[in-house]
Trainee: 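Here it is, the structure in full.
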Amino acid sequence: MLDEKEFGTVEKTSDDPLTIKYTFADDAVWSDGEPIDCDDFMLTWAANSGKFTSSETDAEGNPLSGFSSAGTTGYEDMNAPQCAAGDKEVELSYATPFADWAGMFGAGSILPAHKVAQGAGVEDLIGALTSNNTDEVNKLAQFYNTGFIGTPGTVDTDNWLSSGPYKIDSWQAGQSITLVANDEYWGTPAKASSIVIRFIDATAQAQALANGEIQVARPQPAQDILSQLQAIGDSVKIDQGDEYTFEHLDFNFEGAFKDADLRKAFALCVPRQQIVDNLIKPVNENATVLNSRYKLTFQEGYDQVVSASYQGQYDQPDIAAAKQILDSKGAAGTAVRIGYQSPNQRRTDATALIKASCDQAGFDVQDAGQQDFFGGGLANGNFDVALFAWSGSPLVSGQASTYVTGGGNNNGKYSNPQVDELTKQLLSQTDVSAQDTTIGQIESVLWSDLATIPLFTFPGLQANSTNVTGPSFQPAQSQQTWNDDTWTVAQQ
Amino acid sequence: MVAYVLRRLLISIGVFFVATFMMYLLVANAGDPLEDLYGITDPGDRAARIASRTEIMQLNTPVVERYFDWLGGLLSFLWGQGTLGVNRTGQAIEPLLGLALGSTLRLVVLATVLAIVTGVAVGIVSALRQYTSFDYTITFFSFVFFSLPIFWAAVLLKQFGAIAFNDWLGDPVVPLPVVVVLAVLGGLFAVSLVGGRTWVRRGVSFAVGAVVVLAVLLVLSQTDFLARPTLGPVGVSVLGLAAAVGITALVSGLANRRVLIASLAGAVVGIIIYVSTVSVLLDPTWPFLIGLFVLTLVLAGGVGFGVGGIDRGRAARAAVLSAAVVAALSFVDWLMYAWPAYVSSSLGRPIATIGSNTPNFTGTLWETTLDSLTHLVLPSVTLVLISFAQYTRYTRSSMLETMNQDYVRTARSKGLTERTVIMRHAFRNALIPVTTLVALDFAAIVGGAVITERIFGWRGMGSLFIEGIYTVDPPPVMAFFVVAAAAVLLLNIVADLVYAYLDPRIRLS
């Protein structure tokens, strides 16, 4: 659940079947004073489980989920939570073991059930869900899906409740949102009494910071924005780091690269260090080459996974070795079409660097960037090497389908029974350190098979005025406000 | 004329259907609307989001069918049930359009009016002083401004107009070298404007210009004017009476005593109202202010009419104009009075680089007006800089052409004064071609100013359009398109009607 102790505790009580006990803090309440308890938990489960379908069907005739959900992974493996109205403790068991159990019921996934019940006109939400009363469930789903959509500029104070240190106070459409401290919050109160979030184009953020109109900025990283920020001087603290997204090269196993030797030759000529030096270091001076697919450079366990799986053989290009392989196979002049979604200057540049290096080894690298790459190229296998990014996550379940036979993300049609077996093992492991060991084994196979070549994690940039203390860059968080309850402003 | 307008509208309807159809097709094919979702790692999450967006955007329906759906929704407005559809997150377009239009109008109307007034005025003077150094200077600068890349100009303006200016406001003293340079520039400006055939006259012009600038700068520096600006009753009275004299010179010539007296009387009416309302204007409302303004104009018009004698029409007009100038001066004085409080509430950095207002700012009407103005100043200057060139060049050439017409020579040979020749015979005729430009410019206003809006953090029509294109989402783009197209259409018709008013030879049929 939430990693913040204030919200409550999560405890694994059994491995077989996987059973988790969730306990909400006794004084945890929504910002209208209503306790956070069983019904909120039930609703989150029901909405994401995919088990409550509407009468509509999709093109293939399968019933559509009544609730609109951001994805049912994990939730679909759960049995119905066991709790009664008003319970602060919930017991949840899984029908099949699920590796990412710790990431379920995350921040922001729990909506105020009493508001949904009220808006839908359903008296007994828990009863409606446990008995699967179609009529009432449909009403709940209807309100769940549409009841929280606002009109720009209007704060729905009745329904938009908060369970955190801040709540929304006002919204000026297109300009700003103001948060104020949530006086019903039971934990450590927010240090700043209000925070204004302004919507500004990335290119305007540095000057707005210099002019004192904003104190914290997280612009899209670009070299000119970084130098603008640096020019402001001592009154601004700049954080450079990584985003939770990584760039990689995927081989198409249905083309020339089904030959393992050719993959090796290509991996030997790709100038990974140079790509990082030329394209990433200008915006993130701490950037390094990424050597793992499951773990990103800043994640815990990265070093362990890399040392178990990769010996540094592809750190620097070895043109001579690559050339030797190509010559011995009589494959000199093999065309390599690198596909990516264009326009994208950074990928065009990366492709040019690869071409400059690999053409020396005897490949014929072609820039096959196209505007409809994801729709028309990647899915149809119309590429030799695909250059794109996966957004990372601490969850292993999402990553897994990228490398297993027939997996939803496995665009290159890579297949190795050993990886399939290990992945199955990984997905049933519920202990993080055991997971890391398995990931090391999987990565080891992926490196020797050269299923894909990881390149780098995306750079991130954050800056704040030095009269605010607290803001800091955190790769796992997509917003700079992740720790805004600890920000303080110096008195002027 | 009604038949003419109807015919124009009917022709436009055909154009409208073809244009919207093409636009819809182009936007729908501008890229892949699901592109940002393909990188989501979790296949279940990805599939769910793709399915939900596909449903909202009706991506499984052929584009042509989607267009007719949209058109049906639009046409239903005729019987009051219309819809402009939803954007890709499922949000209805109408409120988005309302907000965008409001924000754009606030941003661009002021800038366009300023550009028209200054552009036309400078263009006229430039034409009357053809081939003088003033003319050349204006030509030079208008071309420089016209060629400026707008994003670059905006960034420079923010750096110097906001960041550096705010820094300087902390200790507002004009350094001596800057004073000297500005004084010399002021002198040169005076020479180029007034002209003069002999070196003595040029020398006098230069000296007067330089001394005026010098005096103003020194007074500003010494009296801490920028930190605590004020005109006061004395300033408003002196400037107001001077304006009354100037207005008389333009309207009828100073020789016409009746008009001069009326004009001065109008100014005095304004001054009396300014002085007597001090206690009630500390925190007024807009309706009250507007009512007061109208009352002032009506009183001044009445007084002008009374003292005008045989020339009462012109006298009343001059009086109203003078009173309006005094009212404007009073308004500025009130804003100045609120300035120090506003500066300290903005932590000493009043000029803003982004947004349309300070979030959650509350204060008197004067303070909120100042807040809007400090946010408007930079984007407005940016917009004025580029359209200024068009207006000066257009007005200048139009005025030059008119000044060479036979009827102007005839007017001169009749013995009319130069003022009458210029104001009555040349100026009005020179405005006819400028009307086209003004009409098109006002239509373009509604289209927003994509780059300016983006750089200065305004969410107007430009943002609605550009974000719709980037996300391959037709409904917001079409909403923009319908409003912008309607504006162009209507203002073209308005321009035709204005021609007919300005030029009696034109008959609409």
Side-chain angles (χ1 to χ4, degrees), chain A residues 50 58-59 64-65 68-74 76 146 149-154 169-170 172-178 194 196 198-201 203-205 207-208 210-214 245 341 371-376 378 388-393 395 397-399 401-402 407-409 492, chain B residues 30-32 34-49 51-52 55 60 89-92 94-96 98-100 102-103 151 154-155 158-159 162-163 165-167 346-349 351-360 375 453-460 463-464:
Chain A
D58 66 9
L64 288 170
S65 170
S68 84
S69 156
T72 57
T73 312
E76 63 195 358
T146 58
I149 299 180
T151 30
T154 316
D169 183 53
S170 64
Q172 194 189 355
Q175 293 283 328
S176 63
I177 285 179
T178 304
S194 81
V196 180
R198 304 189 67 170
F199 315 135
I200 318 170
D201 195 61
T203 50
Q205 293 184 10
Q207 285 184 314
N211 199 29
E213 286 165 88
I214 57 175
T245 305
Q341 177 84 21
Q371 294 202 356
D372 185 26
F373 178 68
F374 288 116
L378 192 62
F388 66 106
W390 287 123
S391 56
S393 88
L395 310 182
S397 52
Q399 310 266 357
S401 77
T402 314
N409 289 340
Q492 305 208 337
Chain B
D32 186 344
L34 302 171
E35 189 187 327
D36 55 316
L37 302 178
Y38 292 121
I40 298 172
T41 322
D42 185 333
D45 186 0
R46 187 172 61 225
R49 283 177 203 241
S52 129
E55 184 176 340
N60 290 328
T89 55
Q91 212 153 46
E94 293 88 10
L96 294 177
L99 290 165
S103 154
F151 56 90
V155 167
K158 284 184 181 185
Q159 192 63 42
I163 299 172
F165 178 78
N166 286 338
D167 286 345
S346 67
L347 302 176
R349 306 194 68 83
I351 306 293
T353 63
I354 43 156
S356 58
N357 59 326
T358 308
N360 310 316
H375 283 79
E453 276 176 20
R454 199 184 173 103
I455 299 180
F456 288 103
W458 288 64
R459 303 284 213 140
S463 315
L464 190 71

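All chains are named by letter (A, B, ...) in the order of the sequence lines, taking the proteins before the strands, and each is independently numbered beginning at 1.
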Trainee: Side chain from CB out, backbone as N, CA, C, O: work out which of these in Glu213(A) comes under 4.5 Å of a heavy atom of chain B, or both, or neither.
Mentor: side chain

Trainee: Measure distances from Ser356(B) to the heavy atoms of chain A and classify the residue's part below 4.5 Å as side chain, backbone, both or neither.
Mentor: both

Trainee: At a heavy-atom separation under 4.5 Å, does Ile351(B) approach chain A through its side chain, its backbone, both, or neither?
Mentor: backbone

Trainee: List the residues meeting salt bridge (Lys or Arg N to Asp or Glu O under 4.0 Å) with Arg454(B), not counting sequence neighbours, and say none if there are none.
Mentor: Asp201(A)

Trainee: Is it the side chain or the backbone of Thr203(A) that comes within 4.5 Å of chain B heavy atoms, both, or neither?
Mentor: neither

Trainee: Do you know which of Ala210(A), Gly153(A), Gly212(A) has the most heavy-atom pairs with chain B at a distance under 4.5 angstrom?
Mentor: Ala210(A)

Trainee: Apply side chain to side chain contact (heavy atoms under 4.5 Å, CB included) to Asn357(B) and list each qualifying residue two or more places apart in sequence or on a separate chain.
Mentor: Gln172(A), Gln175(A), Asp371(B)

Trainee: What's the separation between atom CD1 in Ile200(A) and atom CD1 in Ile455(B), rounded to the nearest 0.5 Å?
Mentor: 13.5 Å

Trainee: Does a donor on one side chain and an acceptor on the other come within less than 3.5 Å for Thr178(A) and Asn360(B)?
Mentor: yes

Trainee: Any donor and acceptor pair, going by atom type alone, linking the side chain of Asn211(A) with main-chain N or O of Ile354(B) inside 3.5 Å?
Mentor: no

Trainee: What part of Ile214(A) is in contact with chain B, defined as an atom under 4.5 angstrom from a non-hydrogen atom: side chain, backbone, both or neither?
Mentor: side chain

